[in-house]
Protein chains: 2
Amino acid sequence: MVKKSSTTPCCFGARLRQARERAGLAQDKLGVLIGLDEGCSSARISRYETGVHEPPFETARKLAQVLGVSVTYFYCEDDWLADLVLRLTALTPAQRVELAAWLDLRRGVI
Amino acid sequence: MVKKSSTTPCCFGARLRQARERAGLAQDKLGVLIGLDEGCSSARISRYETGVHEPPFETARKLAQVLGVSVTYFYCEDDWLADLVLRLTALTPAQRVELAAWLDLRRGVI
DNA sequence: TATCAACTCTACGAAAAACGTAGACTCTAG
DNA sequence: CTAGAGTCTACGTTTTTCGTAGAGTTGATA
């Protein structure tokens, strides 16, 4: 049987694996934390990470919450945007206002 | 029969409708543009927008491409992030570098 | 008003996908 | 080698989306 090791498959699975490994959680532990039965927990997470199955959005949201990332992160195709989403959601309200102003300077927006 | 008019239902559907109406496309026209059969085109899009069904990611990607937005946009829960994703993906490579530097100033990253 | 056309929504059975179960595979520690 | 932790997948079942067909809604025009 061919093993994928830690090479990232497609979009959703790759982000999920990244976030899970950053959190230092095993697949079955993560599954239990979002309310999955212990008996099938690792199977579910494994299929999400390898791209065999795609979870409904509600499941993705629970995963994001437990892993401490925005659910949007899971749906970022390129690494640049993924990284940005992580950093942006960590900004304070004041910094968000600053950022909006910064963007306004660079483009003729409103 | 109760009509939802143009009130936005849940996350994915709301974003899709926003993007489609911005593009000035009818549901059936949009469906055809992503390769759906004419006969069921509006039914599919309607169910996505009202949140009755959730499309596979590959379908979402096609919709995003036709509508000229990042697929990530469809999976933004709050309006602030959604708006930001739209504007960020429109940045030039040079502006992206600038933005990264700007963010570095505001947080002890790397 | 009546009627037409454009647009949107939804009930139904068929088709496709994810689901839980159970067990195999890989790797590392003792 | 053995045990255990972690990951993956074939199987049959359940749940979901799918295409079809047609009804509801709105606005314009005669």
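Below, chains carry the letters A, B, ... as their sequence lines are ordered, and counting in each starts from 1.
- Residue-to-nucleotide proximity on DNA chain D shows that, of B:Tyr48 and B:Ser42, the 5′-proximal contact is made by B:Tyr48.
- Whole-Å rounding puts the B:His53 NE2 to C:dA16 P distance at 15 Å.
- A salt bridge between B:Arg47 and B:Glu54 is absent, with no side-chain N of the basic residue lying under 4.0 Å from a carboxylate O of the acidic one.
- Taking atom CG on B:Asp28 and atom C1' on C:dA5, their separation rounds to 12 Å, with Å as the unit.
- When rounded to the nearest whole Å, the span between CD of A:Glu21 and P of D:dT7 equals 8 Å.
- Nearest nucleotide to the A:Cys40 side chain, out of C:dA18, C:dT21, D:dC8: C:dT21.
- For B:Arg44 and D:dG19, the shortest distance from a side-chain N or O to OP1 or OP2 is below 4.0 Å.
- When the side-chain nitrogen and oxygen atoms of B:Arg47 are compared with OP1 and OP2 of C:dA11, none of them lie within a distance under 4.0 Å.
- Applying the 3.5 Å distance criterion, the base of C:dC7 shares no donor-acceptor pair with the side chain of B:Ser46.
- Taking atom CG of B:Leu16 as the reference point, atom P of C:dT8 lies 11 Å away to the nearest angstrom.
- Nearest heavy atoms, B:Tyr75 versus B:Val71: CD1-O, 3.4 Å.
- Side-chain atoms of B:Arg17 lie closest to C:dC9 of the nucleotides D:dT7, C:dC9, C:dA18.
- Atom CD of B:Glu54 is separated from atom P of C:dC19 by 11 Å (rounded to the nearest Å).
- The neighbour count for B:Glu58 CD, taken as heavy atoms of other residues, nucleotides or ligands under 6.0 Å away, is above 12.
- Between B:Lys29 and the phosphate of C:dA6, there is no side-chain N or O to OP1/OP2 separation shorter than 4.0 Å.
- Between A:Asp79 and A:Arg15 there is a salt bridge, since a side-chain N of the basic residue sits under 4.0 Å from a carboxylate O of the acidic one.
- Between the P atom of C:dA6 and the CG atom of B:Leu25 lies a distance of 16 Å, rounded to the nearest Å.
- Contact between the side-chain N/O atoms of A:Arg20 and the OP1/OP2 oxygens of D:dG6 is not found at any separation under 4.0 Å.
- Taking 4.5 Å as the limit, every side-chain heavy atom of B:Leu81 sits out of range of all side-chain heavy atoms of B:Glu77.
- Checking C:dT10, D:dC18, D:dC8 against every side-chain atom of B:Pro56, the shortest atom distance belongs to D:dC18.
- Atom CD of B:Glu49 is separated from atom P of C:dT8 by 7 Å (rounded to the nearest Å).
- A:Phe57 has its CZ atom 18 Å from the C1' atom of C:dA18, to the nearest Å.
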